[in-house]
Amino acid sequence: MNYKAPKGTFDIFGKKAKIYEKIESIGKKIMKLYGFSEIRTPIFEDAGLFTRSLGETSDVVQKEMYIFKDKGNRLLALRPEGTAPVIRSIIENNLAQNNSVKLFYTGQMFRYERPQAGRFRQFHQFGAEIVGTQDPISDFEIIDSSTKILKELEIEYELHLNSVGCKVCRPAYKEVLILFLKDHVDELCENCQTRLYKNPLRVLDCKEEQCKLVTSNAPKITDYLCEDCKTHFEKLLNYLKKSKIEFILNPRLVRGLDYYTKTAFEALNFSLGSQNAVLGGGRYDGLAEELGGKNLPGVGFASGIERLVTILENSNKTFEKEHKFMVIPITSLEFDYALNLTSELRKYISVLFPYDYKNLKSALKLAVKSDCSYAVLVGSDEIRDNLISIKNLENGKQKSFSKVEFLNIINNERCNFGL
Ligand code: HAM
């Protein structure tokens with residue numbers, strides 16, 4: 001029996017793994033500049049955490065959760081998203097005691113979806129949450145920092161923005177929307193004919209052409225916002241404008257999870273086909289209370305790392321190469337010295353030592369196969385004069401440096417040895 005990675009999952013290694021690492025390191029760097037710190041929550045949680053928070057009628061809860069009972073008969077779910085676990089942790093560990101808290105996370109999420117380009121059953125999100133404040137500055141910071149990650153990765157996007165109201169103003173809008181949709185019920189897809197009563201806002205988000213046509217004339221939620229939601233939205237738009245962050249107001253933008261209030265946003269990249277959201281998020285002021293905590297308003301985002309990776313792979317964007325070296329004894333007489341030097345250089349650079357060393361020629365071949373950029377050759381001259389001899393494995397050119405010179409080049413000149 002040959003085992004394969006389960007449907008909708010894949011292994012990440014080689015060049016791809018480097019792109020993941022790059023995205024996560026840029027994400028972490030930017031979030032730290034905004035004062036966020038990292039949180040890691042379990043990959044599985046009490047299943048109720050998600051059914052409670054994401055909405056009974058959401059696709060994720062209805063069809064996409066990986067639910068199982070453990071040997072202690074506990075009903076658990078692999079996390080389909082990161083926000084509910086973060087809020088659970090904030091409540092459980094009292095993390096937002098007297099102050100708001102800013103947390104970021106990265107890791108696997110699981111949704112039993114129909115796999116297609118950009119949509120997997122195991123995928124990675126990079127996300128962040130600000131919890132404990134209603135200040136629209138926090139909405140602004142979430143949008144500003146998340147889109148900064150896209151900018152630094154040179155990923156093009158269109159930022160779509162909406163307010164989905166709150167429990168004060170949304171019920172009235174829902175009624176108006178249901179009345180409108182009822183008049184067009186025969187024109188809606190089968191799915192939306194049921195959504196119309198259970199979760200009418202989701203009809204606005206339907207990708208079917210016939211539904212898009214109907215909803216293009218639907219009443220807009222932004223015309224029904226209460227004073228509080230309206231002011232909040234206006235302030236956010238103002239901050240974005242002042243910071244010259246471009247956005248498109250999209251009154252049909254509703255998110256797939258039910259916990260959202262006020263701000264909702266998505267960044268879209270149109271090279272991706274139908275799964276074009278590279279990140280999404282918004283405000284969720286009632287979520288902590290829904291999960292048994294005190295009133296802790298929050299706002300956050302999550303980005304699908306696989307989608308970012310696909311864009312970067314297609315664009316052939318190159319990141320600065322991280323050079324690998326192989327320290328090679330010219331004869332077995334220099335073996336011990338070379339082994340020592342390897343250990344010394346590993347304080348500064350990535351160094352391999354040739355396994356099963358036979359001679360210089362076979363070790364050089366191994367260095368090329370192992371994707372090394374340079375060989376550090378150790379012969380009797382190098383030992384006698386305390387030199388570091390570097391061979392460029394692409395063009396065969398060679399040069400010797402004193403140890404001080406060598407360390408200066410790797411620390412300050414990005415391994416530019418002039419070879
Ligand atoms: P979401 O829109 O469900 O929001 O997911 C965020 C991002 O994860 C999407 O924009 C997409 O890039 C990626 N994504 C979602 N499902 C898949 C999949 N099956 N395969 C690949 N990528 C996928 C959330 O998860 C919210 N927790 C975001 C949030 C944080 N809202 C407030 N705070």
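More than 12 heavy atoms of other residues, nucleotides or ligands shown are found within 6.0 angstrom of CG on N395. Annotation: K198, atom NZ; neighbour count of heavy atoms from other residues, nucleotides and ligands within 6.0 Å does not exceed 12. For K403, the NZ atom sits in a packed shell: over 12 heavy atoms of surrounding residues, nucleotides or ligands are nearer than 6.0 Å. Within 6.0 Å of NZ on K235 lie no more than 12 heavy atoms contributed by other residues, nucleotides or ligands. Residue R114 qualifies as open at atom CZ: its count of foreign heavy atoms under 6.0 Å is 12 or below. Counting non-hydrogen atoms of other residues, nucleotides and ligands closer than 6.0 Å to CZ of F270 gives a total above 12. With a 6.0 Å radius and a threshold of 12 heavy atoms from other residues, nucleotides or ligands, R40 has its CZ atom at or below the threshold. Within a 6.0 Å radius of CD in E322, other residues, nucleotides and ligands contribute 12 heavy atoms or fewer.
No donor-acceptor distance shorter than 3.5 angstrom exists from the side chain of R202 to the backbone of R195, with no hydrogens or angles considered. Side-chain N or O atoms of N392 include none that pairs as donor or acceptor with a backbone N or O of K397 at under 3.5 Å.
Side chains of Y105 and E129: a donor on one and an acceptor on the other come within 3.5 Å. Counted by atom type alone, N199 and T57 present one or more donor-acceptor pairs between their side chains at under 3.5 Å. Side chains of S400 and E382: no donor on one and acceptor on the other come within 3.5 Å. When only modelled atom types and interatomic distance are considered, R119 and S274 share no side-chain donor-acceptor pair under 3.5 Å. Side chains of Y259 and T83: a donor-acceptor N/O pair is present below 3.5 angstrom, by distance only. When only modelled atom types and interatomic distance are considered, T133 and D135 share no side-chain donor-acceptor pair under 3.5 Å.
For an aromatic pair to be called close, the ring centres must be under 6.0 Å apart, and Y66 with Y112 satisfies this. Aromatic ring centroids of Y374 and H323 lie under 6.0 Å apart. Note: F265 and H160 fail the aromatic proximity criterion, with ring centroids not under 6.0 Å apart. Checked against a 6.0 Å centroid threshold, the rings of F406 and F417 count as neighbours. Between F44 and F110, the gap from one ring centroid to the other reaches at least 6.0 Å.
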Would Y20 and F13 count as a ring pair (Phe, Tyr, Trp, His ring centres under 6.0 Å) here? Give the steps. CA-CA 9 Å; Y20 274 76; F13 51 87; over 10 Å; no
Kindly determine whether K69 and R74 satisfy side chain to side chain contact (heavy atoms under 4.5 Å, CB included), including the steps that lead there. CA-CA 5 Å; K69 274 195 177 162; R74 301 171 189 89; over 6 Å; no
What do the steps show when you test N269 against E156 for side chain to side chain contact (heavy atoms under 4.5 Å, CB included), and what is the final call? CA-CA 6 Å; N269 175 292; E156 283 180 16; 4.3 Å; yes
One pair to check against side chain to side chain contact (heavy atoms under 4.5 Å, CB included): I248 and E158. What are the steps and the verdict? CA-CA 7 Å; I248 293 175; E158 214 169 68; 3.4 Å; yes
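Under the side-chain contact (heavy atoms from CB on, under 4.5 Å) rule, P354 has a single partner from N359, L360, L366, V327, which is L366. Just one of K262, Q134, H232 meets the side-chain hydrogen bond (donor to acceptor under 3.5 Å, both in side chains) condition when paired with D139; it is H232.
Separating the CD1 atom in I130 from the CZ atom in F140 is a distance of 10.5 Å, to the nearest 0.5 Å. For the atom pair I19 CD1 and I12 CD1, the distance stands at 11.0 Å (nearest 0.5 Å).
At least one side-chain heavy atom of L78 sits less than 4.5 Å from a side-chain heavy atom of I43. Using a 4.5 Å heavy-atom threshold, the side chains of L364 and K391 count as touching.
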